[in-house]
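The structure appears below as structure tokens.
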Number of protein chains: 2
Amino acid sequence: MQMSEGVEWALHSCLNLAWADGRAVTAGKLAAFYDLPAAYLNRQLQALARAGIVTSTSGPRGGFRLARDPARITLLDVVVAIEGEQEAFRCRQIMRDGPGGRSDVDYRRHCLVSQAMSRADLAWRRELAAQTLADIGAAVERKHPGAPRAARNRLDLPAD
Amino acid sequence: MQMSEGVEWALHSCLNLAWADGRAVTAGKLAAFYDLPAAYLNRQLQALARAGIVTSTSGPRGGFRLARDPARITLLDVVVAIEGEQEAFRCRQIMRDGPGGRSDVDYRRHCLVSQAMSRADLAWRRELAAQTLADIGAAVERKHPGAPRAARNRLDLPAD
DNA sequence: GCTCCCATACTCGGATAATAACTGTCCGAGTATGGAAGG
DNA sequence: CCTTCCATACTCGGACAGTTATTATCCGAGTATGGGAGC
């Protein structure tokens, strides 16, 4: 049970986009930032676009930019965009084939094992939803005040 | 990011073992309970044995039994036994290749993105560790008082 | 009748294929650019 | 000099292989059983 490493790429790329201040950045530039395979990062950014987290523009001067304020993008939004909505635990409703199992009962909701696992999943999601990109960005700036400028610099954007 | 469906099998099988009251149950019987592939369930039970959650005995009258009281086996124990210790988020430390990245820094601990993801993971684990097999079993019995007897019956164990 | 022994059937355990998911790559559709031609 | 048009280069987007993890299966090592032979 490991999530795609695209999640790490997406989170860091979103932070960099936040520091780009609304200017479009190409997948190639974002990939060069951490020396990642550009075509594959592009794939992850497409997922973010489908989820409405970033907007994409084709052609010269095109690229990706955040679709809304970083304060309104949670870590959960990004994780779900890459990994999908479904929760980690898979309830295949094996109780249907057990003693007294009924095919007209949805054991994803009634099985107590499934309920317990869902509670844990919910705690996880709650924690992810409580943190926004703006929160992380601000924390990074507190620790490394030069980070935003360094990022803009590496993205070939005017320093300010 | 989906966990193996072996987790569902392992959890339900552990509950059934709890109701078996210390008597050994074969992988075949446990598999027949929910009409699962026996050889593959056996594989998952081996993982539980390696983790010290169940003990195994070979030969006739052999099988698996819980290694300790169900009140001292948490859902986290079972999940970790099947899925492994590592947390879901993979920090490949891409910041090492970013601006100002240092190869002598462990970004799994210092990167703020990684820290945020770890916090969520911790909340998830805390929730799983708070529930024991005995808790789930008791909740099931409250809802379906006949469940333990039905289980023993299907496992070809003396009703009591 | 009792004890010992051995063949047997049964169980787990790890090694081996089949399948699906993830990772990585490529090329085409569409677009803003920038220069050249014409007025 | 200004406007219009077009060729160009650049970007995302989805379609296509390579690799790893998951799922499923099989057969061998070891063990308690149960019957039979011997005392």
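The analysis underlying the following values was restricted to heavy atoms, covering all of them including side chains, and did not include hydrogens, waters or symmetry mates.
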Worksheet item: Separation of B:R43 atom CZ from C:dT19 atom C1', in whole Å?
Response: 14 Å
Worksheet item: Hey, does A:G63 reach any base, or is it just sugar-phosphate, or nothing, if we go heavy atoms under 4.0 Å?
Response: sugar-phosphate
Discussion item. Could you check whether any side-chain heavy atom of A:W19 comes within less than 4.5 Å of a side-chain heavy atom of A:V140, counting everything from C-beta outward?
Written reply: yes
Discussion item. By nearest atom, which of the nucleotides D:dT23, C:dG24, C:dT23 is closest to the B:E5 side chain?
Written reply: D:dT23
Discussion item. Could you tell me if A:S118 and A:D121 have a donor-acceptor pair between their side chains, going purely by distance under 3.5 Å?
Written reply: no
Practice prompt. Have a look at A:M3 and say if it touches a base, only the backbone sugar-phosphate, or nothing, with a 4.0 Å heavy-atom cut-off.
Written response: nothing
Item to complete: Taking only the side-chain heavy atoms of A:R90 (C-beta and beyond), determine which of C:dT25, D:dT23, D:dG13 contains the nearest atom.
Response: D:dT23
Worksheet entry | Gap between atoms CG and P, on B:L36 and D:dT22 respectively (whole Å) | 19 Å
Response to the item:
Per atom distances to the A:R50 side chain, the nearest of D:dT31, D:dG14, C:dT25 is D:dG14
Discussion item. Contact between A:L128 and A:T74 at the side-chain level, heavy atoms closer than 4.5 Å - yes or no?
Written reply: no
Worksheet item: Of the nucleotides D:dT23, C:dT33, C:dT11, which has the atom closest to the A:R61 side chain?
Response: C:dT33
Discussion item. Of the options C:dT11, C:dG24, D:dG13, whose atoms approach the side-chain atoms of A:P37 most closely?
Written reply: C:dG24
Worksheet item: CE of B:M1 versus C1' of C:dA20: gap in Å, rounded?
Response: 18 Å
Worksheet item: Between A:P60 and A:A49, which has a closest nucleotide on DNA chain D that is more 5'?
Response: A:P60
Practice prompt. Tell me, with the steps shown, if A:R108 and A:E87 meet side-chain contact (heavy atoms from CB on, under 4.5 Å).
Written response: CA-CA 11 Å; A:R108 283 171 297 188; A:E87 57 185 76; over 6 Å; no
Practice prompt. Considering just the side-chain nitrogens and oxygens of B:T57, establish if one lies under 4.0 Å of OP1 or OP2 belonging to D:dA32.
Written response: no
Item to complete: Consider only side-chain N and O atoms of B:D135 and B:T132, and report whether a donor and an acceptor are under 3.5 Å apart.
Response: yes
Fill in: B:Q2 CD to D:dA21 C1', straight-line distance once rounded to whole Å
14 Å
Worksheet item: Is there a side-chain polar atom (N or O) of B:S58 under 4.0 Å from OP1 or OP2 of D:dA29?
Response: no
Worksheet entry | Given D:dA24, C:dG13, D:dC26, the nucleotide with the shortest approach to the side chain of B:N42 | C:dG13
Discussion item. Nearest whole Å is fine: how far is C:dG13 C1' from B:Y40 OH?
Written reply: 16 Å
Worksheet item: If you pin B:L45 and A:G59 to their nearest nucleotides in DNA chain C, which one's is more 5'?
Response: B:L45
Worksheet item: Over how many whole Å does the gap from A:L41 atom CG to D:dT11 atom C1' extend?
Response: 14 Å
Worksheet item: Do other residues, nucleotides or ligands put more than 12 heavy atoms under 6.0 Å from the CZ atom of A:R61?
Response: no
Worksheet item: Within the structure shown, what part of the strands sits under 4.0 Å from A:A24 by heavy-atom distance: base, sugar-phosphate, or nothing?
Response: nothing
Fill in: Integer-rounded Å distance: C:dG14 P and B:L48 CG
14 Å
Worksheet item: Would you say A:S56 reaches D:dG13's phosphate, i.e. side-chain N/O to OP1/OP2 under 4.0 Å?
Response: yes
Discussion item. Tell me the interatomic distance from B:Q46, atom CD, to C:dA15, atom P, rounded to whole angstroms.
Written reply: 10 Å
